[in-house]
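First the structure, in the form of C-alpha cells, and then the observations on it.
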Amino acid sequence: MVYHIASTTAPVNIATLKYWGKRDKALNLPTNSSISVTLSQEDLRTLTSAATGPELKQDKLWLNGKEESLESERTQQCLKGLRKLRKELEDKDSNLPKFSNWGLHIVSENNFPTAAGLASSAAGFAALVVAIARLYQLPQSMSELSEIARQGSGSACRSLFGGYVAWEMGEKEDGSDSKAVEISPLEHWPQMKAAILVVNASKKDTPSTSGMQLTVKTSELFQERVKNVVPQRFTHMKEAIEHKNWPKFAELTMKDSNSFHATCLDSYPPIFYMNDTSKKIIKLCHAINEFYGKTVVAYTFDAGPNAVLYYLQENEAKLFAFIYKLFDKVPGWETKFSNQDLQEFLSVYEKDVSGKLPFELDDEVQNGVSRVILTQVGPGPLSTKESLIDENTGLPK
Ligand SMILES: Nc1ncnc2c1ncn2[C@@H]1O[C@H](COP(=O)(O)OP(=O)(O)OP(=O)(O)O)[C@@H](O)[C@H]1O
Ligand SMILES: C[C@@](O)(CCOP(=O)(O)OP(=O)(O)O)CC(=O)O
C-alpha cells in the first residue's frame with residue numbers, strides 16, 4: 001500500500017524578550033508576551049515527515065534515528081488538536097479519506113544537538129505540527145497552528161514564522177488568543193546575524209519547564225518582571241524592530257537576558273544556567289561595545305550556558321576581530337569563511353585593536369567553548385520534497 005506523506009523543515013528561534021513562567025501549565029499559557037528572531041535553517045533546522053494510512057493502528061515517532069515515546073502529555077495535546085481540525089474537515093466533506101481515524105508515523109531529524117539549550121524543542125514541535133497540518137491539508141493559518149505548537153513547547157509557537165516574531169500572551173482562559181504573530185518579515189531587516197558560542201553541548205541540569213515553575217512559585221523579583229518590566233519592554237522592542245533601531249534592540253535584548261537570569265538566581269533554591277564562561281562572554285561583549293564607542297554586539301542566553309551573539313552584518317569585521325582572535329581554535333568558522341577571510345579578521349585585530357585595549361584579552365575563555373555556529377535571521381517552516389519516510393512501508397527510510 002502507498003502511504004500519504006508530507007514533510008517540512010522548521011527553524012530554531014532565539015528569544016530577545018524571554019518567555020519564562022506559565023500561568024496555566026496544562027495549556028502552556030505564559031505569564032508574559034515574548035519576542036524572538038527566527039534563525040536560518042541552513043545552519044539549524046528540524047526536518048519532519050508525517051505519514052498516515054488505513055493500516056496504521058498506532059502513532060509512532062522516530063527522532064534522530066531512534067524510536068521515541070509519544071506518550072508525553074504535550075505531544076498528545078498536539079496530536080489531539082490536529083486530529084480535531086482534520087475531523088472538522090472530514091465531517092464537512094464525506095469524500096475526504098478518514099485520516100483522523102488512522103495512526104500517524106512521524107520521523108524527525110535535527111541537524112544539531114538535541115536538548116542542549118539550542119531550542120531543539122522549539123524547532124521540533126513546530127516541524128511536527130506543520131508536517132501533520134500539511135498532511136491533513138488543514139486550512140488554518142500559521143498563527144492558528146501556533147496555538148497547537150505552543151502546547152508542545154511554548155517557544156515552539158514562535159518557530160511558525162520567519163523573521164521577527166511575537167508570542168502574544170493573550171488573556172483568555174482557554175488560551176485561544178495566546179499565539180504567535182509576525183512583527184516583521186525577514187526581508188525587513190535581513191542584516192541581522194547571530195554567532196552562537198556553544199559553551200556546553202551536554203544535557204542541561206534544570207529543564208525549562210520545571211525551572212520556570214520554580215521561579216513563578218518562589219521569586220519575588222519575577223513578579224516585578226512580569227508586572228512592570230516586560231510589558232513596557234515588549235512595546236519598545238517591537239518598535240525597535242519596526243524602526244530597525246539596532247542600539248535600542250541590542251540594549252533591550254541584553255537587559256532582558258540579564259533580567260531573566262536574575263529571576264532564576266532569585267528562585268529558591270536558585271537556578272544557575274550561565275557558567276563562568278558565559279559570564280566572561282558577557283563582560284567581553286560590553287568591553288567590545290565600549291572599545292568601539294558604539295553597540296556592535298548583543299548577547300542573550302536561554303536556559304543554558306550557550307551564548308547567542310546578535311550583530312549586524314556591517315559590524316561583522318569589528319566583532320570578529322575580537323571573537324575570532326579569542327575563539328579561533330574552535331570549529332565552525334570554516335563553514336562560512338575562507339582562510340583568507342579569517343586572516344583578515346586577525347589583521348583588523350592587529351591594526352585597529354592590539355595595543356589600544358585598556359584590558360587584557362582573557363585567552364582562558366576559549367577552553368570553555370566547544371564550537372561556534374554562524375548564522376542569521378531566516379524564514380519560517382518550508383515545505384520540502386525530501387522525505388524521511390518510505391512511501392511503500394510507512395517506516396523510516
Ligand atoms: N525533532 C523533534 N521532534 C519532536 N520532538 C523533539 C524534536 N527535537 C526535540 N524534541 C523534543 O524536545 C526535547 C528537548 O527539549 P529541551 O527543552 O530539553 O531542550 P532544548 O529545546 O534544546 O533547549 P531549550 O528549549 O532550553 O532551548 C527532546 O527531548 C524532545 O522530546
Ligand atoms: C529560556 C527560554 O528559552 C525558555 C523556553 O522555554 P520552553 O519553550 O522550552 O518551555 P516549555 O514551554 O515548558 O516547553 C526563553 C524563550 O525561548 O523565550
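Below, each value reflects all heavy atoms present in this structure, side chains not excepted, and no hydrogens, waters or symmetry copies. In listed order, ligands and their atoms are each counted from 1.
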Ligand 2 N/O within reach of Ser155 N/O, cut-off under 3.5 Å: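 Between Ser155 and ligand 2, an N or O pair is found under 3.5 Å apart.
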
If we only consider heavy atoms of [X], is any one of them less than 4.0 Å away from an atom in ligand 2?
| X | result |
| --- | --- |
| Ala303 | yes |
| Trp167 | no |
| Arg74 | yes |

Closest to [atom] among [options] (heavy-atom distance):
| atom | options | result |
| --- | --- | --- |
| atom 2 (C) of ligand 1 | Gly124, Ala156, Gly152 | Gly124 |
| atom 6 (O) of ligand 2 | Lys18, Met212, Lys22 | Met212 |
| atom 15 (O) of ligand 1 | Ser121, Pro207, Ala122, Gly304 | Ser121 |
| atom 6 (C) of ligand 1 | Val107, Leu63, Asn306, Ile106 | Leu63 |

Other cluster members, Phe99 - Ile/Leu/Val/Met/Phe/Trp/Tyr, side-chain contacts below 4.5 Å: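 Other cluster members: Leu61, Leu70, Leu79, Leu82, Leu85, Leu89, Leu96, Trp102, Leu104, Ile106, Leu128, Val129, Val130, Ile132, Leu135, Tyr136, Leu138, Met142, Leu145, Ile148, Leu160, Phe161, Val165.
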
Hydrophobic cluster (4.5 angstrom, side-chain heavy atoms) - remaining members for Phe272: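 Besides Phe272, the hydrophobic cluster comprises Leu265, listed by chain and residue number.
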
Numbered atoms of ligand 1 (with element) below 4.0 Å of Ser208, judged on heavy atoms: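 Answer, ordered by atom number: 26 (O).
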
For Thr46, atoms of ligand 1 separated by under 4.0 Å from a heavy atom: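 Those atoms are 1 (N).
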
Among Thr375, Asn111, Thr335, the one residue meeting side chain to side chain donor-acceptor pair (under 3.5 Å) with Asp43: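 The side chain to side chain donor-acceptor pair (under 3.5 Å) with Asp43 is passed solely by Thr375 among Thr375, Asn111, Thr335.
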
Backbone or side chain, does any N or O of [X] fall under 3.5 Å from an N or O of ligand 1?
| X | value |
| --- | --- |
| Asn110 | yes |
| Thr48 | no |
| Leu61 | no |

Where's the contact between [X] and ligand 2, heavy-atom distance under 4.0 Å: side chain, backbone, both or neither?
| X | value |
| --- | --- |
| Asn28 | side chain |
| Ser34 | neither |
| Ser208 | side chain |

Pair Phe291 + Phe322: ring centers closer than 6.0 Å: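 Yes, the ring centres sit under 6.0 Å apart.
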
Close aromatic pair by centroid cut-off 6.0 Å: Trp333 and Phe345: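 Centroid distance Trp333-Phe345: not below 6.0 Å, so no.
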
Quick check on contacts: which atoms of ligand 2 are under 4.0 angstrom from a heavy atom of [X]?
| X | result |
| --- | --- |
| Ala15 | 16 (C), 17 (O), 18 (O) |
| Phe260 | 1 (C) |
| Gly154 | 8 (O), 11 (P), 12 (O), 14 (O) |

Location of contacts on Ser120 toward ligand 1, heavy atoms closer than 4.0 Å: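 Contact part for Ser120 vs ligand 1: both backbone and side chain.
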
Residue part near ligand 1, for Leu118, under 4.0 Å between non-hydrogen atoms: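 The part of Leu118 near ligand 1 is the backbone, not the side chain.
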
Distance-only donor-acceptor check, side chains [X] and [Y], under 3.5 Å:
| X | Y | value |
| --- | --- | --- |
| Ser278 | Asn275 | yes |
| Asp256 | Ser259 | no |
| Thr9 | Arg45 | no |
| Arg225 | Thr215 | no |
| Ser141 | Glu144 | yes |
| Lys18 | Thr300 | yes |

Interatomic distance, Arg150 atom CZ to Ser178 atom OG [nearest 0.5 angstrom]: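 If we round to the nearest 0.5 Å, Arg150:CZ and Ser178:OG are 4.5 Å apart.
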
Residue among Asn289, Ile323, Leu284 satisfying side-chain contact (heavy atoms from CB on, under 4.5 Å) with Val297: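 Option passing the side-chain contact (heavy atoms from CB on, under 4.5 Å) with Val297: Asn289.
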
